[in-house]
Each structure stands twice: as C-alpha cells, then as structure tokens.
Amino acid sequence: MSLLELKNVYKIYGDLHALDDVNLKVEKGEWLAIMGPSGSGKSTMMNIIGCMDKPSKGEVLLDGVNIAAESAKNLTNIRRDKIGLIFQQFHLVNYLTAVENVMLAQYYHSIPDEKEALEALERVGLADRAKHLPSQLSGGEQQRVCVARALINHPEIILADEPTGNLDDANEEIVVELFRKLHEEGTTLIVVTHDPEVAETAQRMVVLRNGKISKETVNENFTGHIRFH
Amino acid sequence: MTKRKMYFRMITASLMRRRSRMLVALLAIAIGATILSGLVTIYYDVPRQMGAQFRNYGANMILTAADGSFTKEDMDAGLAIVASADLVGATPFRYETVRIHEQPIMAAGTDMEAVKKTSPYWLIEGEWPAGSGEILVGENVAENLNLKIGSTVTLSFTPEADEGAGASENAGADDEVVLDNMIDFVVKGTLNTGGSEEDYVYIPMADLEELTGIAEEIDLAEVSISTSGDGLNAYMERINTQVPAVHARLVKRVTASETTVLSKLQALVLLVTVVVLALTMICVATTMTAVVTERRREIGLRKAIGASDASIIQEFMGEGMLLGGVGGILGSGLGFAFAQFVSVNVFSSTITLRPVLVPVTIIVSIVITGVACLLPIKSATKVDPALVLKGE
C-alpha cells in the first residue's frame, strides 16, 4: 500500500478546476518533486496533501485513511501526527527563539523536550543559534529551523512548499543536502517547487499544468545532490 | 519540560518580547483597574468620610430620660454600647431657669470640651470657658442684657423650698423668704449659631449643680456617632433595649439627609465604576482584536503545525489573563494612590488600605480581560492556515 494516494481528486472553485482528476501515488521513503507554473494547482495540491484543505471530489488516502472524508478536527490531528510542513516564507513565531520554535511543534504533538529540540537544531547545523530569535537569523538559518521543526515529531511525510524560493545558492544547497540526509534516513519527502535544479534532486518529478498532471519523470541519475546549471 | 512549563514560557515570551505591542493593552487594563480599585476604595470610604463631614453639623442621636430624668452614669452606660471608633463625642445638658439682672434666662449646664466635639459648628466670639466660674453667653442674651466679653455677671437661682419642711414652717410663717443661690461668672465668649442656642447661657455642669444644689441629674445628651443608616438604627435600638433609664432617638433632619446624600453619592460612584468597567472591557477587546488581527499569520502557522482550536484559545486567553493579572496588580497599587489623592483633596483626610481590595482588583481585572478577549479569540480560531500561510 502506498503511503499517499490521490484518486481522481478534483478541487473546483466555481468554474475553475484548480485540480482536475489528479491521480498520484507516493511510496514510503520516496522523494517526490511537484513542479508547475503559477496557477497550475501546486499549492492546492499541497494544501490537500497537508490536510489544510479538502478536495471537491475524489479520495486522498494517507496511510490508508481517506483524509478527504475526515472532520476539520481530525485533519488537524493527522497533520500534527503525520506531516511536517516547510514553507517558502519560513513562518517562524517571531518572539520565540529557534529552539522554542522547534519545541512548539513538540508542544502541539506530545511533550516538549528541549534536549531533543536542540539535537534537531544540531542536525541542521544550528546548535549555536538555538537561543536566537528569528530576526537574528539569516533566511537560510530560518529555513533550517523550519526543517528542524518539521522533522522533530518524526512525521510520515515532510511536505515542503517552495523551500528554497527565498534562499541564495549556498543556502539552497544546504537545505537540499538536509533533504538528502532525511531521505537516506527513510523520510518521505514531497517538495513543491518551481526550481528545476531543486526538482531534479528528487527521485521522481511530476509536473502540474492546469490542474492536471501533465508529465511524470523518474530521475534515473538520482543522487540527492543538487547540480547547479 | 512539561507542557505547562512550555505554555507559560510561550505566553510570557509573547508578552516580554513583544513589549511595545502589549504595553498598550497593559496600559488599558492597568488604567481600568486603577480607576476601579480607586472608586471601590472611595465607595467604601465615602460613608466614613462623609460621616466625618456630617458630624460638623451636629449630633445625630439624642438621649433623654425614659421616665423623669437620668444621670451621667446612665448616659455612660448607653455610650458604652457604641464602638469607640464610631463615637465622635457625647455632651450632657441640664437646663434650669436662672436670673440675670432679675430677668429669667435659660441656663444650660454642660461639658464645654464635649460640646466642641458634638457641635463643632458653634461660632464663638471671645474664648471657650476653660473652667469653673466662666460662661458662654448666647448672642441674643448678650444683646438683650448688654453683656460684654470679660464682664462679670451674677446668676441667681431660686431653689425649690423643701415641701415637707416648708409646709410646717409656712404653717406658722406664711411670708418666709427662700434665699436665692448666687454665683458670679466671667463672660468668656458669646455664641453665634443662628439658632435657638443664642437664647441660652452655657455654664460648666459643676457650677450649675452648685447653683441649683442638685447634682448628677441631666435632661438630655447629644451624641455624635460616625455611622449612618442601619448602623445608627442598630445603636439606637440596643441603647433603648439595654439601658432602660435612657430613651435614644435619632436627629431625623441630620440622619435622613445624611442617608440620602450618602446613598446618592454611593450610587454615583457605583455608576461611574460600572461605566469604567464597560469602557475598560471595550478598550481591552479592541486592543485584543488588533493583537489577533496582527497575529493572524502566527495563528495560521500554529494551526498548520497542529494546534487545535482549544490550544489557540488557551494561549490567547492565557496571554489576556496574564495581562489582566499584571494590570490588576498595577491597578490595585495605583488605585489606592488615586483614592488617597481624591480623599486628601476632596475630604481633607487620608484613607487606609483595604487589603481585601488587592486580590479583588486582580481577580476582577483578570475576569474582565478574559471576557473582553472572548470575541477576538473566537475570531482567532476561524483563521484558515492555508490562506494565511499563502499571505492572503
């Protein structure tokens, strides 16, 4: 059984079909990139997979559970327990330190553990920046805090929406390298991006156009390392 | 770390690290709590303050004999019932008709020091009599008899003849003359009140007793008690019950107007307090609405990473209540200072701190803030994480 399966998924806003009969399977431990131009339905798909929205039609099976049929409360629980989110705009709580931001995810999930949160920051190379506020961190550092926050609860899937969209090449490489390590450890990664270099680092890539999957490519030369053109 | 510890770490971080934002909310709450605490202090202190002011207009209780006359001892027994903190003063009076320049004048024997307490409105020209042989003359009497301050005047009193002895003596001598008792007094001052007091001469009780040859008896006692309404009625009833020789009654013109003024003043203070509470709630609700609007993105993020509606409510309510608590602590201190300022400037006296008002102010402040936060927090739970995180 696939970890995630979208079956004939539609998202319709009036006359607009943001997602139009989308079928997609993601296996456990897979690294998938979702590409597409603006308005192609990437964000809508991200919101549905991330349990922040429901499809108009179709099924979304996450670990065998059809999340399309779940209540808002259950979706919150599923999102908390199974999904780690990374955003383009970082989205850290600006009055909490780096370690407190990581502990925030623990707080909603189970029990906050500062030691474990510090270890997560150490994994992303920010042990020495743990007590800094987001305003005292660079964009790359903030995104690494987001990665640490996303992985702290050992989610089934890490869902990253344009994770390198606001980063320079050096930080982009650091973040992709973190994804590679997570993939090696068996974490399932779904990365929504418009950046071909980032998409090419994934094992598989699907391209969305007008709400439909227009192309699906398997990366034969998968290494997990970014190659700048 | 426990969840509770993390919870407090979050809400204190929110308040401490967003100081400039939260200062506005804290200021609103602290000002509300200050005025609330101050007004409640004044509300409870008004009867005491006004009571003291009313006592300048004279006694509010009169003791008379239940049957015939009563003694100083009876009066003291009645006064023993009044709490010493409430008793402003009590003055015994005994009235006798004396003669000055062969004209009958009403003389009142009294305790001059006690009169100063029960009738502080008496206006004296000259000096108060300080001891035996000195009198205070009502202005009408002084005018009619042309008595000047510093002059000496003789008071005559015709004692009643012993009826038993008189009857036997008169049987044999019808024209026997009863000799007057006479004492010379120095006029120390004249009394101006605008009332009937100006028709009397006031002499020390001991001198009147010597003049009349009758000791211990008093006709009336004026009592000034710094309480009003039910408290005063209770004292009156207890005196009437426990001291049979004395009949206590209230000076209606004083007590009725006192009760009316007090109840109106207290109603006014209460109304202002309620208005202030309502304004504080509106102010806090407005500030919290602004805080929630400003933090929509953060709320969206929290929901995206797994916060339930209950968690969001708990966190914002926690912040609000913490603000309420801090505002309440500040308000209870500042409120006392405010009440003290009002008391000193309006009533010319200080007030004492009512310790119970400190926790009450803090609790009311927390509750008011909590209620004011309800609507803004409810709107916080409606934030859609997907929309907010996309920057919409």
Side-chain angles (χ1 to χ4, degrees), chain A residues 11 42-44 46-54 72-97 99-117 133-135 146 149-150 152-153 155 159 161-162, chain B residues 1-23 25-26 291-316 318-320 322-323 378 380-392:
Chain A
K11 185 68 186 181
K42 296 192 306 289
S43 296
T44 306
M46 156 107 184
N47 287 342
I48 289 173
I49 296 171
C51 298
M52 291 187 281
D53 202 356
K54 284 184 181 185
K73 191 179 172 189
N74 284 349
L75 285 179
T76 301
N77 294 341
I78 293 167
R79 187 165 65 234
R80 184 188 64 203
D81 296 338
K82 295 185 182 295
I83 297 166
L85 290 165
I86 298 169
F87 310 96
Q88 181 181 2
Q89 303 291 340
F90 320 136
H91 292 310
L92 295 171
V93 177
N94 59 9
Y95 56 82
L96 296 180
T97 61
V99 70
E100 285 167 345
N101 266 286
V102 177
M103 287 163 71
L104 190 63
Q106 290 179 310
Y107 173 78
Y108 293 126
H109 180 266
S110 49
I111 303 287
D113 182 340
E114 191 161 7
K115 189 167 165 279
E116 202 183 333
L133 292 169
S135 58
C146 284
R149 184 179 65 194
I152 190 70
N153 293 325
L159 189 56
D161 182 18
E162 303 280 8
Chain B
M1 178 183 285
T2 61
K3 283 194 95 156
R4 188 179 299 174
K5 225 171 161 184
M6 180 66 189
Y7 173 75
F8 284 111
R9 192 163 163 176
M10 282 193 301
I11 61 172
T12 49
S14 171
L15 298 185
M16 296 305 291
R17 294 179 190 152
R18 300 169 60 248
R19 253 171 292 187
S20 56
R21 309 271 177 180
M22 299 316 268
L23 209 62
L26 182 63
V291 166
V292 167
T293 308
E294 179 186 280
R295 292 168 70 185
R296 276 171 57 82
R297 193 174 290 255
E298 180 197 324
I299 295 163
L301 168 69
R302 285 175 182 271
K303 291 183 88 170
I305 62 174
S308 62
D309 287 354
S311 296
I312 299 289
I313 291 170
Q314 268 177 20
E315 284 150 27
F316 275 82
E319 282 185 24
L322 188 60
L323 271 179
K378 204 172 169 219
T381 61
K382 292 191 168 42
V383 170
D384 181 348
L387 292 179
V388 171
L389 297 178
K390 273 289 165 195
E392 289 175 33

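All chains are named by letter (A, B, ...) in the order of the sequence lines, taking the proteins before the strands, and each is independently numbered beginning at 1.
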Student: Tell me, for Ser110(A) versus chain B, whether the close heavy atoms (under 4.5 Å) come from the side chain, the backbone, both or neither.
Tutor: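 Only the backbone of Ser110(A) comes within 4.5 Å of chain B.
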Student: Show the nearest heavy-atom pair for residues Pro385(B) and Met52(A), with the distance to one decimal.
Tutor: CB-SD, 4.1 Å
Student: Chain B heavy atoms under 4.5 Å from Leu133(A): which part of the residue, side chain, backbone, both or neither?
Tutor: side chain
Student: Could you look at Met16(B) and say if it's the side chain, the backbone, both or neither that has a heavy atom under 4.5 Å from chain A?
Tutor: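 It is neither, since no heavy atom gets under 4.5 Å.
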Student: Does Glu114(A) come within less than 4.0 Å of Arg9(B), counting only side-chain N to carboxylate O?
Tutor: yes
Student: Under the salt bridge (Lys or Arg N to Asp or Glu O under 4.0 Å) rule, what pairs show up with a residue in residues 303-316 of chain B, not counting sequence neighbours?
Tutor: Arg302(B)-Glu315(B), Lys303(B)-Asp309(B)
Student: Glu319(B): what forms a side-chain hydrogen bond (donor to acceptor under 3.5 Å, both in side chains) with it, not counting sequence neighbours?
Tutor: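 For Glu319(B), the residues satisfying side-chain hydrogen bond (donor to acceptor under 3.5 Å, both in side chains) (neighbours in sequence not counted) are Ser14(B), Arg295(B).
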